Amino acid sequence: MRMTTRLKQLITSGQTAMGATAYDGLTAKLVCEAGFDVIGISGLQVSASMGVPDAELYSMSEMLSSTRAIVDSSTVPVIADCDTGYGNAINVMRTVREFERMGVAGLFIEDQASPKRCPLLMDPELNSIEESVGKIRAAVKARQDPDLVIIARTDATTVDEACRRGKAYAQAGADMILTISRCTKTYEDLVRIREAAGVPLLLILTGWTEGLSAEQLGRVAGAACYGTPTLMTVTQSLRTNLAALRKNRSSANLPIPMTSFDDFKNFIGFPEMERIQNEYMPPVQ
């Protein structure tokens, strides 16, 4: 089964597909190992992996490179962050084709004006609803696989505006709607947006939304992803252990235990590599 079809079935099953975000091949493998249904690619995390804040400082080519590594390392459907689509509706069409070629199962495009602003820091400037609808229509037209899931993200800061835009984007062909969590304050807000749009939501679980029950999630969301724990866990773990390593000049008894080298070799795939070498590259007698 194609990953696109698998994701389409997950989001229409009536039970929310649960996911976590990744920013490279290693974090993708770890998300899969943990048993999540889907992987979300986070622009915030990809930016951070390059050592810069999430302010559209990277190019589409750089995001494609990260996406390729994540898709190649994943055994579950991957949902890509395509930011603003990297331009107007014409650019969006190329963006969809490029990310579809990478093997993503779904992608989302936001309605912010470019260059985008991180909604964690300030209220973003939005494109007109007409321009944003045109981008979604262009994205739907550009996809080759009809099961590729097109997700419209709105950075509207009020529930009324999110309802208005979500409905328009769904009518333009979006399969799901993603709203920034600061737009909504209650479960009832999510229900309003879901009912206005008429299609499932993609939720980023953070803050109060982490407390939603499985039943509540199933009513509003086709998929829900934990947005920041991957990056924040890695950041704090490395910060803690590197400080101890610098102070003690030894990797013994670090505050956070390290994975053993044997365990890591198995996890990253050395046994399979050895099997392939033995099959196709036998030692010369």
Side-chain angles (χ1 to χ4, degrees), residues 21 23 40-64 66-67 79-100 104 106-143 149-185 189 193 196-197 199 201-204 206 225 227-228:
T21 50
Y23 55 85
I41 300 178
S42 161
L44 169 66
Q45 294 195 22
V46 170
S47 290
S49 74
M50 298 176 185
V52 297
D54 184 19
E56 207 168 317
L57 299 176
Y58 55 77
S59 66
M60 181 176 75
S61 295
E62 290 171 310
M63 179 58 90
L64 280 168
S66 295
T67 299
I79 299 172
D81 183 348
C82 292
D83 295 301
T84 60
Y86 308 104
N88 59 26
I90 296 172
N91 301 110
V92 164
M93 296 185 82
R94 179 179 180 234
T95 296
V96 170
R97 289 193 293 266
E98 294 292 338
F99 277 85
E100 187 173 11
V104 301
L107 57 86
F108 60 85
I109 297 169
E110 60 200 61
D111 57 6
Q112 279 199 42
S114 185
K116 59 173 286 185
R117 301 173 181 176
C118 179
L120 297 175
L121 302 178
M122 62 187 77
D123 287 343
E125 177 186 353
L126 302 188
N127 288 325
S128 70
I129 193 167
E130 293 79 12
E131 180 179 354
S132 301
V133 163
K135 284 187 172 186
I136 298 304
R137 290 177 56 227
V140 171
K141 178 69 174 179
R143 66 183 171 191
V149 176
I150 303 294
I151 303 160
R153 167 178 153 174
T154 179
D155 283 59
T157 55
T158 69
V159 175
D160 286 344
E161 183 64 9
C163 287
R164 186 171 82 97
R165 286 178 175 259
K167 179 179 180 179
Y169 300 160
Q171 290 176 341
D175 301 296
M176 300 177 76
I177 302 297
L178 166 61
T179 63
I180 56 172
S181 58
R182 65 188 289 184
C183 167
T184 55
K185 302 294 189 293
D189 291 341
I193 297 170
V199 296
L201 305 182
L202 169 62
L203 291 184
I204 304 302
T206 182
C225 284
T228 57

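Bear in mind the structure is a predicted one, so any value in this text is a computation, not a measurement.
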task: List the atom of A174, the atom of V199, and the distance in Å for their closest heavy-atom pair.
output: O-CG1, 3.9 Å
task: Mark yes when over 12 heavy atoms from residues, nucleotides or ligands other than R137 sit less than 6.0 Å from its CZ; otherwise mark no.
output: no
task: Working to the nearest 0.5 Å, report the span between CD of E100 and CZ of R143.
output: 8.5 Å
message: Counting C-beta onward and ignoring hydrogens, is there a side-chain heavy-atom pair between E62 and S59 closer than 4.5 Å?
response: yes
query: Counting only N and O atoms by type, is there a donor-acceptor contact under 3.5 Å from the side chain of E131 to the main-chain atoms of N88?
result: no
- request: To the nearest 0.5 Å, tell me how far M176 CE sits from F108 CZ.
  value: 11.0 Å
- line: In terms of heavy-atom contacts, A156 and R165 come closest through CB-CD, 4.4 Å
- prompt: So do Y23 and S42 actually touch side chain to side chain, heavy atoms under 4.5 Å?
  reply: no
field: Rounded distance [0.5 Å steps], CG in D155 versus CD in E125
entry: 12.0 Å
message: Walk me through whether N127 and K135 qualify under side-chain contact (heavy atoms from CB on, under 4.5 Å).
response: CA-CA 10 Å; N127 288 325; K135 284 187 172 186; 3.7 Å; yes
message: Could you check whether any side-chain N or O of S49 sits under 3.5 Å from a backbone N or O of V46, counting only pairs where one atom can act as donor and the other as acceptor?
response: yes
field: Stepwise side-chain contact (heavy atoms from CB on, under 4.5 Å) check, D83 with Y58
entry: CA-CA 10 Å; D83 295 301; Y58 55 77; 2.8 Å; yes
- prompt: Could you walk me through whether C163 and V159 pass the side-chain contact (heavy atoms from CB on, under 4.5 Å) check?
  reply: CA-CA 6 Å; C163 287; V159 175; 4.1 Å; yes
task: Determine yes or no for a side-chain-to-main-chain donor-acceptor pair under 3.5 angstrom, with T21 supplying the side chain and G227 the backbone.
output: yes
message: Which residue is it: I79, T95, T67, I150? I am looking for the one with a side chain to side chain contact (heavy atoms under 4.5 Å, CB included) to L107.
response: I150
message: How close do V133 and A168 get, counting heavy atoms only, and between which atoms?
response: CG2-CB, 3.9 Å
- prompt: Under the side-chain contact (heavy atoms from CB on, under 4.5 Å) criterion, do R153 and I180 qualify, and how do the steps go?
  reply: CA-CA 8 Å; R153 167 178 153 174; I180 56 172; 3.9 Å; yes
message: Taking E161 first and then R164, would you say they form a salt bridge - that is, a charged N and a carboxylate O separated by under 4.0 Å?
response: yes
- prompt: What closest approach, in Å, do G166 and I177 show between heavy atoms, and which atom pair accounts for it?
  reply: O-CD1, 3.6 Å
query: Between atom SG of C82 and atom CG of L64, what is the distance when rounded to the nearest 0.5 Å?
result: 8.0 Å
- line: To the nearest 0.5 Å, atom CZ of F99 lies from atom CD1 of I109 at 9.0 Å
message: Working to the nearest 0.5 angstrom, can you tell me the gap between T154 OG1 and L126 CG?
response: 6.0 Å
- request: Indicate the atoms forming the closest heavy-atom contact of A80 with V104, along with that distance.
  value: CB-CG1, 3.8 Å
- request: Decide yes or no for I41 and M63: does some side-chain heavy atom of the first lie under 4.5 Å from some side-chain heavy atom of the second?
  value: yes
- request: Of all the heavy-atom pairs spanning C225 and G40, show the shortest one and how long it is.
  value: SG-N, 4.1 Å
